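In this text the structure is predicted, and so the values were computed from the model without any measurement. We number each residue from 1, following the sequence as shown. In each ligand, atom 1 is the first atom listed, and ligand 1 is the first ligand listed.
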Amino acid sequence: MPTWWGKFSAKEDKKKASKESFIDTINRKLKITSDDKSTSRSGGSRRRRCDIVSERGSLSRVPSRSPSPSTQVSRCQSFVERPNAQPLPLPGVHNAGVARTNSGINASTRPGFDRGLRPSLILPLPKPGQVSNKLDPVDAEGDFAIASITSDSSIDSDDPSDSRLLSPLTSDYENGQRTAGNSPSGIKHMDQLPVVNQKNSKEILKPSNISFNNQYLSTSPKRGTLSNHMQNLQIPQRSAFFSAPDSSMSSPSRSPMRAFGLEQVWNSGPCTGKPFSDIAFLGSGQCSSPGSGHNSGHNSVGGDMSGQLFWPQSRCSPECSPIPSPRLTSPGPSSRIHSGAVTPLHPRAAGAAIESPKSRPDDGKQQSHRLPLPPITISNTCPFSPAYSAATSPSLPRSPGRAENPTSPGTRWKKGRLLGRGTFGHVYLGFNSESGEMCAMKEVTLFSDDAKSKESAQQLGQEIMLLSRLRHPNIVQYYGSESVDDKLYIYLEYVSGGSIYKLLQEYGQFGESAIRNYTQQILSGLAYLHAKNTVHRDIKGANILVDPNGRVKLADFGMAKHITGSSCPLSFKGSPYWMAPEVIKNSNGCNLAVDIWSLGCTVLEMATTKPPWSQYEGVAAMFKIGNSKELPAIPDSLSDEGKDFIRQCLQRNPLHRPTAARLLEHPFVKNAAPLERPIFSADTSDPSPAVTNAMRILV
Ligand SMILES: Nc1ncnc2c1ncn2[C@@H]1O[C@H](COP(=O)(O)OP(=O)(O)OP(=O)(O)O)[C@@H](O)[C@H]1O
């Protein structure tokens, strides 16, 4: 006769079996080594010291940060790329340790998986001659573009194939890109990027000798010219140890939500109460505001899932927020899941960190490639003006042919205040004193003695590779890059309004009109991207920037991937709350459709300030996304069109999700009214109603 206990046990067993099944799925995907973890932890504290120094040297206001007991950082990790997976612990086993707050439990004291997760995969550093006989520009480029050691999809690194896929919209920008050139004056190709010196593990990266497994890469869209551009940059062959986003070696990234490993899942808050971690990669800032547009990078909590799978309970202002860093309290929405080791602070880190943010000394330059000139602003930049044309880019890199000011690039762009911190480094405002123009300078410090740095270099290379091929008003424009000492600078279009995430934190949820408009612009960017067979894989509020005119720009292409097949094995990448179920479950699907799911989450984020299922934490959230058949709650305040749009995006079967181009026809975005912005007439005899009203009040 069954007892109450027997019934309870049966029920529990059933639940457990369900969880185990889900966990097994994750387990197959996530395989990380404890070595990485310990490295990351030890690196974390050092990283903090570095940041302190760095922040002192910066003119930017820097948010105060409390010490984080957790230092583990990880980067996106594909499950399938971890051949030596450790078995996942069952959720129930560790639930006792679940805590949302910073418990102070650190890696060394945390019981459980650390001991069980012995390093099972130690990837060797590349040897100088390792792949010298495998030089294949196509593959090399592909490696950079795919950055996946497991993907079946081949990389179509040249754009001719892309052009065949271009929509009319795409073509406009593609043409623009080609006529203007991918390499505006002074823009540094990948072949000019710093090279990881593999000969001496202690040696700082020198621009002249960066090599990624002796393969070369060029951002040039023309393969035929690769050889002419590949003097310096060498990239890893496929499956080499530093295939950035998909590599089994985690990136030093700080952004927590992009990638994660099993260990992180189970050592995360829900399981252990482990607080959020910092990332120890030099140059990667300790942002305090998750996803905030300024000085926060986005949130980037370190790699542990505790930092990745908690929705922030408190919000921080973008700069110098008095609120404790979300790293300590929550991972922030833009966190990516990470796995693997954290780069320890390089001995030279402090020196590098204390440099003046005001300007870069020219005498330290290893290379003096001509920098791209600041963008030329052209008229009609307001996307909401009736005359706005999608084919009109607000800013274009100057013509490569311009010969003015052939001096060192450092004399043109001066590093200004800190705009934000991301996975790979700090983003500063760049100012050209000659022209008065601005850009966003992403600064990354590269060291050769750390696998994560190398992986970061590769991932940045991928981002550069992808971005340099894109030209669209709703995608942040890449201007170029250069190396200075052991730093790599990437120059991007400056988008001053910050991220959607930051705006949501500061001003609350958006009205439907703004949501429609922003969604329409995001979709335009996605339709362009998808037409080029490129999937962003990290669409979320924190990665979408807004300029003062309300123009929306997709940013942060560190997770993006160019695919040629109709589908390829999905990598476990992204930010969990925005991650499509098929990604969590690692089932086959249409890769491009993962962005559509994330877009649906982002629409919900704009409407509620939070992504769906943010009420769940850690594994529970992933379980919900991956296994539940439910739709997340859609606010009643949204119109029926809005609700339908979200439902279309959040279809669990990726094949059922409409394409971005199709969604542009959805009434929710098709009927989007341009945001009103009063344009004052120069004729003072006819003041606008707003001015009249203000004068009336004053009188
Ligand atoms: N073009 C830009 N204009 C203005 N601010 C920017 C720009 N690019 C980045 N930022 C700021 O810097 C922060 C970090 O940038 P970004 O997200 O590109 O870095 P990342 O290292 O790729 O981040 P992640 O941690 O998501 O990988 C952003 O949140 C934003 O605040």
### Query
Does the salt bridge (charged side-chain N to carboxylate O under 4.0 Å, His left out) test come out yes or no for Glu493 and Lys553, once each step is laid out?
CA-CA 10 Å; Glu493 174 185 5; Lys553 310 264 181 186; 2.7 Å; yes
### Query
Relative to ligand 1, is Leu545 under 4.0 angstrom through side chain, backbone, both or neither, heavy atoms considered?
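Contact part for Leu545 vs ligand 1: side chain (C-beta onward).
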### Message
With a heavy-atom distance limit of 4.0 Å, tell me whether Glu493 approaches ligand 1 through its side chain, its backbone, both, or neither.
### Response
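Contact part for Glu493 vs ligand 1: backbone (N, CA, C, O).
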### Query
Pick one: which of Ile522, Leu470, Val476 meets side-chain contact (heavy atoms from CB on, under 4.5 Å) with Leu554?
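Testing Leu554 for a side-chain contact (heavy atoms from CB on, under 4.5 Å) against Ile522, Leu470, Val476 leaves exactly one candidate, Ile522.
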Closer than 4.0 Å to some heavy atom of [X] - which atoms of ligand 1 meet that?
X: Leu419; answer: 4 (C), 5 (N), 31 (O)
X: Gly420; answer: 12 (O), 13 (C)
X: Val476; answer: 1 (N)

Please determine if [X] has a nitrogen or oxygen closer than 3.5 Å to a nitrogen or oxygen of ligand 1.
X: Tyr494; value: no
X: Lys442; value: yes
X: Val427; value: no

### Query
Are side-chain N/O atoms of Glu437 and Asn432 paired as donor and acceptor at under 3.5 Å?
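There is no such pair between these side chains.
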### Query
Between the side chains of Tyr489 and Glu443, is a donor N or O closer than 3.5 angstrom to an acceptor N or O?
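Yes, Glu443 and Tyr489 have a side-chain donor paired with an acceptor closer than 3.5 Å.
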### Query
Is there a donor-acceptor pair under 3.5 Å between the side chain of Asn474 and the backbone N or O of Ser524?
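A pair under 3.5 Å: no.
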### Nearest atoms (heavy-atom pairs only) where Pro576 meets Met622
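Scanning both residues completely, I find the closest heavy atoms to be CB-CG, 4.4 Å.
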### Member of His530, His536, Arg537 meeting the side chain to side chain donor-acceptor pair (under 3.5 Å) criterion with Asp595
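That would be His530; it is the only one of His530, His536, Arg537 passing the side chain to side chain donor-acceptor pair (under 3.5 Å) with Asp595.
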### Message
Just to check, does Lys502 reach to within less than 4.0 Å of ligand 1 when the distance is taken from its heavy atoms?
### Response
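No; Lys502 lies far enough from ligand 1 that no heavy-atom distance drops under 4.0 Å.
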